[in-house]
Amino acid sequence: MYLTRKLKLGRTDQLDRLARRAGDLWSKITAWHWRFVDRQGYWLSKGQAQKMYCKGFDGLHSQSAQAVADSFYDSLQSWREKRESGNYEGLRPPYKQKRHFKVQWKSAAIRLRDDGVLRLSNGRGNDPVLIDWPSDRQPKRVEIGWDGDQYELRCQYKIEEDEKPKGTKTAGIDIGEIHLAAVRSGDESWTVNGRELRSLRRQQNRTKARLDSKIDRKERGSRRWKRLARAKDRQLSKIRNQIKDLLHKQSTRLLKTLHERRVGTVVVGDLKGIRESIGYGSKANQRLHQWAHSKFVKMIEYKARLHGMTVERVGEAYTSQECPSCGNRHKPHGREYICGCGFEGHRDLVGAANIRQKYLGQDEPEGSPLRVAGEGPKRSVMASPTGVRYRPHMRTEPPGSEPQRCNPATAGKTSTEPKGSCGQAGRPVG
């Protein structure tokens with residue numbers, strides 16, 4: 001599999017020239033593509049555009065020029081697919097010209113020198129881009145783009161998935177908004193608390209509303225307007241980075257726990273299309289539309305592959321409403337699921353258990369069903385889960401192990417550790 005590594009480059013005249021040349025090529029391809037459509041009713045193919053406009057384009061490596069055409073036609077193909085499916089309301093094809101555009105290099109234009117310098121070729125007669133590369137792995141694909149403040153290097157390199165899972169257990173994960181994840185594996189269960197994420201989202205919304213209100217009262221383009229706009233971008237960027245950091249730490253913490261619990265298969269509920277039928281009021285709708293479930297699931301998927309585990313997705317319909325004991329369905333009230341048959345349990349864990357069972361597709365062997373406690377055959381209570389809470393400056397360890405503090409001077413600087421190595425196992429909840 002491929003991982004992406006990023007490096008901040010600042011701003012230089014050379015990078016400005018490359019971005020400008022890539023923008024000129026994008027604008028040229030865009031303009032002529034739509035001229036052919038308007039005047040002749042003919043859609044140029046990607047190969048034709050590359051042959052007509054990319055071959056011999058000065059200032060860029062030949063493969064970098066071809067990558068600009070690839071980006072245009074990938075965007076165009078995405079729009080055409082959505083148009084054919086009827087789900088393209090408000091979307092427009094790529095038609096705007098660009099002053100600057102990202103520059104991409106493929107493997108033939110990339111070379112890692114013996115002195116640790118990454119050399120990116122820009123074609124014959126042009127100076128290459130030279131970057132001190134803090135790794136001994138040569139990237140397969142490199143991209144330099146603008147991140148809002150400076151140029152950013154994004155390198156993709158291949159890693160071997162050689163780590164084997166410790167066991168063959170199957171774990172079901174229910175993705176939620178209050179609890180980022182509720183996990184059920186055999187007779188073990190735990191939840192990943194998501195209230196810190198909700199707090200950051202509220203802070204993000206309040207900050208945006210407060211600064212937008214101030215910006216609207218200033219004359220557009222004035223000195224005060226520009227100062228407030230910069231303050232808004234700076235503060236919102238900081239909160240977005242905190243949200244991304246939290247998701248990485250929680251997902252890394254979760255996968256380490258699954259690996260230590262000898263899980264080989266992770267089953268995640270598929271939430272595709274969940275926002276299409278949202279109607280719970282303005283505040284609840286806002287929270288659900290900002291729910292980063294897809295990003296969190298993608299983090300789980302690639303980090304699970306690094307641990308040698310496989311990830312499967314199953315439909316999540318009615319999994320939180322179906323009783324795992326008798327199979328009857330009803331909507332629970334609050335966080336507890338109480339069925340008429342006497343079963344009681346955490347609503348999200350009920351969903352996780354049903355997701356796991358839905359994937360297995362058969363009754364589990366005797367001795368491995370949901371662990372319950374209580375007296376009499378008419379009362380069964382699902383065991384309380386272990387809670388995992390977010391702590392920004394604590395190293396992630398599986399529940400039950402002794403947490404260790406990170407060294408603030410070195411946290412985030414070690415290139416060999418996976419991103420998201422800080423967090424803490426919380427106290428049990430129930």
Side-chain angles (χ1 to χ4, degrees), residues 1-30 46 49-50 53-76 78 94 96-159 230 233-234 237-238 240-241 244-245 248 295 298 302 412-413 415 419:
M1 67 179 294
Y2 288 87
L3 290 183
T4 301
R5 184 166 189 169
K6 298 180 180 180
L7 187 66
K8 302 299 181 181
L9 300 178
R11 184 173 183 177
T12 64
D13 292 339
Q14 183 188 29
L15 296 180
D16 281 337
R17 287 195 301 270
L18 289 172
R20 182 63 184 270
R21 292 301 291 159
D24 291 342
L25 181 56
W26 169 279
S27 300
K28 187 176 183 179
I29 293 173
T30 303
K46 180 169 65 174
Q50 289 177 340
Y53 308 119
C54 299
K55 189 174 182 179
F57 189 81
D58 186 43
L60 294 176
H61 191 275
S62 60
Q63 291 188 348
S64 299
Q66 292 174 8
V68 175
D70 291 341
S71 298
F72 174 81
Y73 280 95
D74 287 346
S75 179
L76 183 65
S78 177
K96 290 186 177 181
Q97 299 187 16
K98 298 180 184 292
R99 184 176 178 84
H100 299 87
F101 193 69
K102 63 186 178 181
V103 186
Q104 303 173 67
W105 289 266
K106 300 179 182 178
S107 57
I110 303 170
R111 183 167 68 88
L112 182 61
R113 300 192 323 200
D114 295 337
D115 57 356
V117 173
L118 191 64
R119 185 184 187 276
L120 307 176
S121 175
N122 293 315
R124 183 176 298 176
N126 300 311
D127 294 333
V129 178
L130 302 178
I131 300 169
D132 290 331
W133 181 239
S135 176
D136 57 353
R137 293 176 177 173
Q138 178 170 318
K140 297 295 184 181
R141 188 181 182 93
V142 175
E143 174 184 301
I144 295 180
W146 187 258
D147 71 347
D149 295 319
Q150 58 183 313
Y151 286 103
E152 182 181 61
L153 180 74
R154 304 150 192 161
C155 296
Q156 293 181 347
Y157 57 94
K158 189 174 183 179
I159 63 171
R230 288 195 298 268
D233 292 340
R234 183 175 62 252
S237 177
K238 179 180 178 180
R240 285 194 298 269
N241 289 336
K244 184 177 179 180
D245 178 69
H248 269 294
K295 183 181 295 185
K298 288 180 180 178
Y302 86 79
K413 296 183 180 179
S415 60
K419 185 173 182 64

Q: Checking N122 against D127 for the side chain to side chain contact (heavy atoms under 4.5 Å, CB included) test, could you report, in this order, the C-alpha distance in whole Å, the side-chain angles of both residues, the deciding distance, and whether it holds?
A: CA-CA 7 Å; N122 293 315; D127 294 333; 5.8 Å; no
Q: Heavy-atom distance under 4.5 Å between the side chains of P139 and L118, does that happen here?
A: yes
Q: Should Q156 and L3 count as side-chain neighbours, where that means a heavy-atom distance under 4.5 Å?
A: no
Q: Using side-chain heavy atoms (C-beta onward) and a distance below 4.5 Å, is R119 in contact with P128?
A: yes
Q: If you round to the nearest 0.5 Å, how far is CG of L76 from OG1 of T30?
A: 9.5 Å
Q: Search all heavy atoms of K46 against all heavy atoms of D70 and return the closest pair with its distance.
A: CD-OD1, 3.2 Å
Q: Is there a side-chain contact between P134 and R5 (heavy atoms, below 4.5 Å)?
A: yes
Q: If the threshold is 4.0 Å, N to carboxylate O, is there a salt bridge linking D147 and R154?
A: no
Q: Which residue, N126, V129, L130, forms the side chain to side chain contact (heavy atoms under 4.5 Å, CB included) with Q14?
A: V129
Q: For S27 and G23, indicate whether the former's side chain and the latter's backbone hold a donor-acceptor pair under 3.5 Å.
A: yes
Q: Minimum heavy-atom separation for K102 and S71, please, with both atom names.
A: CE-OG, 3.9 Å
Q: Report yes if the side chains of L120 and I144 come closer than 4.5 Å at any heavy-atom pair, otherwise no.
A: yes
Q: Measure the CD-SG distance between Q138 and C155 for me, rounded to the nearest 0.5 Å.
A: 10.5 Å
Q: Hey, does the side chain of E143 reach the backbone of W105 with a donor-acceptor pair shorter than 3.5 angstrom?
A: no
Q: When the side chains of residues 54-65 are checked against the rest of the protein, which donor-acceptor pairs come out under 3.5 Å, sequence neighbours left out?
A:
| from | atom 1 | to | atom 2 | distance (Å) |
| --- | --- | --- | --- | --- |
| H61 | ND1 | Q63 | N | 3.1 |
| S64 | OG | Q104 | O | 2.6 |

Q: Does a sphere of radius 6.0 Å around CG in D13 hold more than 12 heavy atoms from other residues, nucleotides or ligands, not counting ones at 6.0 Å or beyond?
A: no
Q: Rounded to the nearest 0.5 Å, how far does CD of Q150 lie from NZ of K8?
A: 5.5 Å
Q: Using a strict cut-off of less than 4.0 Å between a Lys/Arg side-chain nitrogen and an Asp/Glu carboxylate oxygen, indicate whether D24 and R21 qualify as a salt bridge.
A: yes
Q: What I'd like to find out is whether the side chain of Q50 reaches to under 4.5 Å of the side chain of Q66, using heavy atoms alone.
A: yes
Q: Identify the heavy atoms of L153 and L9 that sit nearest to each other, and give their distance.
A: CB-CD1, 3.8 Å
Q: Is there a side-chain contact between Y157 and K140, using heavy atoms and a 4.5 Å cut-off?
A: no
Q: Quick one: pull up CZ in F101 and CG in L18 and give me the separation to the nearest 0.5 Å.
A: 13.5 Å
Q: Given the ring of W133, does R113 sit roughly above its face, with NZ or CZ under 6.0 Å from the centre of the six-membered ring and within 45° of the axis?
A: no
Q: Rounded to the nearest 0.5 Å, how far does CG of L15 lie from NE2 of H100?
A: 11.0 Å
Q: Measure across V68 and A22 and return the closest heavy-atom pair with its distance rounded to 0.1 Å.
A: CG1-O, 4.0 Å
Q: So do R141 and S107 actually touch side chain to side chain, heavy atoms under 4.5 Å?
A: no
